[in-house]
Amino acid sequence: FLSPADLHSAYWSYSRMLRELALFAAVLVISAAARAYDVEVTDKSNSEVEAMRDVANEDDTENVANEVIAGYQRANIYGGWLRRNNGKTETKNIADMERQAGISSAPPAKDVTKQIANIVVDNKFIHYGGVHTIPTIGDPEYGVLKKFILTYGVVGEFECKDFQPVHISVPADRQLIVFSASYGSTSHPDRDVTQAVVKYLVKDNAINHDGGVHTAIGDPEPGVPKTFRIIYGYSRRFTCLDFQPVVISVEEGLSLHVFRATYGSANI
């Protein structure tokens, strides 16, 4: 039989062996992952090795692998963001490596509003194969999952003469936006009445008025024939990830206007 001292010594030897095996396995896993990304994994300095050993010595055996992997990712992710050169520490693409390691915020998404607006044809934007395949956009972060976000307006125009009814509505889940409104004779066709329309004509997210708009917003030129014009619409937001198709169109008689489009890391 073993003495208590021998049992104690055997226990700690066995425990340390398990920790060392876990450390070795974790290093192999991370090294293989790095090679999969076609980058060079730099050799760790002695201090880095000792730091990782300290983690293994201080934590429970079942948590050693996770702690070591996390430490290794921070110390030597995808080729090592810390490189020793004549005793000096140099940084190499730290922001990119931090993003890939998932320990830093992503960069601002690329504004592609103009590029998207230029390829809208017949009030449709249809593209297959991923936004990154659009020549004027490209891939701002190669190898990183990205998100495309498009905010656009579905815009309509309405025109009527005095005393004619006005009936304008939008989908129930959208908010009616009055972009501009004018009311006047041929002498003053561009008289702006946008605020008056929003205040007196828009009700329950729609415009439904009979008898002429002058009965609601006033008559700027009594006795003179006038024309009421309004540009209205609503906004929508479309989101997709890399390689997903983009199919956006609007109802007949309406137009599609690109308000804002961005393309960047899916983590933002």
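Note that the coordinates shown come from a computational prediction; the quantities given were computed from them, not determined experimentally.
Taking every heavy atom of both residues into account, H209 and A216 meet most closely at CE1-CB, 3.7 Å. Counting all heavy atoms, side chain and backbone alike, H132 lies closest to G129 at CE1-O, 3.5 Å. The minimum heavy-atom distance between P189 and S187, with the atom names listed, is CD-C, 3.5 Å.
Hydrophobic clustering (ILVMFWY, side-chain heavy atoms < 4.5 Å, transitive): V155 and V170 are in distinct clusters. Using a 4.5 Å cut-off between side-chain heavy atoms of Ile, Leu, Val, Met, Phe, Trp and Tyr, with links allowed through other members, V197 and Y200 fall into the same hydrophobic cluster. Linking Ile, Leu, Val, Met, Phe, Trp and Tyr whenever their side-chain heavy atoms come within less than 4.5 Å leaves F259 and I116 in two separate clusters.
Distance alone, capped at 3.5 Å, places no donor-acceptor pair between the K114 side chain and the V112 backbone. A donor-acceptor pair under 3.5 Å links the side-chain atoms of T194 to the main chain of A181, judged by distance alone. Listed for the E221 side chain is a donor-acceptor partner under 3.5 Å among the backbone atoms of S185. Proximity of a side-chain donor or acceptor of N205 to a complementary backbone N or O of L176 within less than 3.5 Å is detected. Here the side chain of K226 pairs a donor or acceptor atom with the backbone of V224 at under 3.5 angstrom.
To the nearest 0.5 Å, atom OG1 of residue T136 and atom CD1 of residue I119 are 6.0 Å apart. Here the OG-CG distance, from S249 to D122, works out to 11.5 Å after rounding to the nearest 0.5 Å. With rounding to the nearest 0.5 angstrom, the OG atom of S169 is 10.0 Å from the CD1 atom of I207. Here the CZ atom belonging to F238 is positioned 7.0 Å from the CZ atom belonging to F148, to the nearest 0.5 angstrom. Atoms CD1 and NZ, from I248 and K124 in turn, are 12.5 Å apart once rounded to the nearest 0.5 Å. Taking CD1 of I137 as the start and OH of Y263 as the end, the distance is 8.0 Å to the nearest 0.5 Å.
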V154 vs L256, side chain to side chain contact (heavy atoms under 4.5 Å, CB included): CA-CA, chis, key distance, verdict
CA-CA 5 Å; V154 179; L256 188 157; over 6 Å; no
For S265 and K147, run side-chain hydrogen bond (donor to acceptor under 3.5 Å, both in side chains): C-alpha distance rounded to whole Å, both residues' side-chain angles, the deciding distance at 0.1 Å, then the answer.
CA-CA 6 Å; S265 171; K147 180 191 301 181; over 6 Å; no
Please test I231 against V178 for side chain to side chain contact (heavy atoms under 4.5 Å, CB included), starting from the C-alpha separation and ending with a verdict.
CA-CA 6 Å; I231 299 176; V178 177; over 6 Å; no
Before you tell me yes or no, could you show the steps for L254 and N123 under side chain to side chain contact (heavy atoms under 4.5 Å, CB included), namely the whole-Å CA-CA distance, both residues' side-chain angles and the distance that decides it to 0.1 Å?
CA-CA 8 Å; L254 302 177; N123 294 310; over 6 Å; no
Between V202 and I168, does the side chain to side chain contact (heavy atoms under 4.5 Å, CB included) criterion hold? Intermediate values first, please.
CA-CA 9 Å; V202 177; I168 295 173; over 6 Å; no
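In this structure, D210 places its CG atom where more than 12 heavy-atom neighbours from other residues, nucleotides or ligands lie under 6.0 Å away. Other residues, nucleotides and ligands contribute more than 12 heavy atoms inside 6.0 Å of the OH atom of Y234. Counting heavy-atom neighbours within 6.0 Å of Q195 CD, excluding the residue itself, gives a total of 12 or less. Atom CG of D173 sits in a crowded spot, with more than 12 heavy atoms from other residues, nucleotides or ligands closer than 6.0 Å.
Under 3.5 Å, the side chains of H257 and S255 contain a donor-acceptor pair of N or O atoms. There is no side-chain donor-acceptor pair under 3.5 Å between S182 and H188. In this model, no donor atom of one side chain and acceptor atom of the other lie less than 3.5 Å apart for D190 and Y183.
Under the rule for a ring-ring contact (aromatic ring centres under 6.0 Å, His included), H127 has no partner lying at least two apart in sequence or in another chain.
F228 has its ring centre no less than 6.0 Å from the ring centre of H214.
No side-chain heavy atom of L241 sits less than 4.5 Å from a side-chain heavy atom of K146. At a threshold of 4.5 Å between non-hydrogen side-chain atoms, the residues F125 and L150 count as touching. Taking 4.5 Å as the limit, every side-chain heavy atom of V166 sits out of range of all side-chain heavy atoms of L201.
Side-chain contacts under 4.5 Å among hydrophobic residues (ILVMFWY), followed directly or transitively, place V247 together with I126, Y128.
Salt bridge absent: E141 and K110 never bring a charged side-chain N and a carboxylate O closer than 4.0 Å. Look at R260 and D111 and you find a salt bridge, because one of the NZ, NE, NH1 or NH2 atoms lies within 4.0 Å of a carboxylate O, short of that distance.
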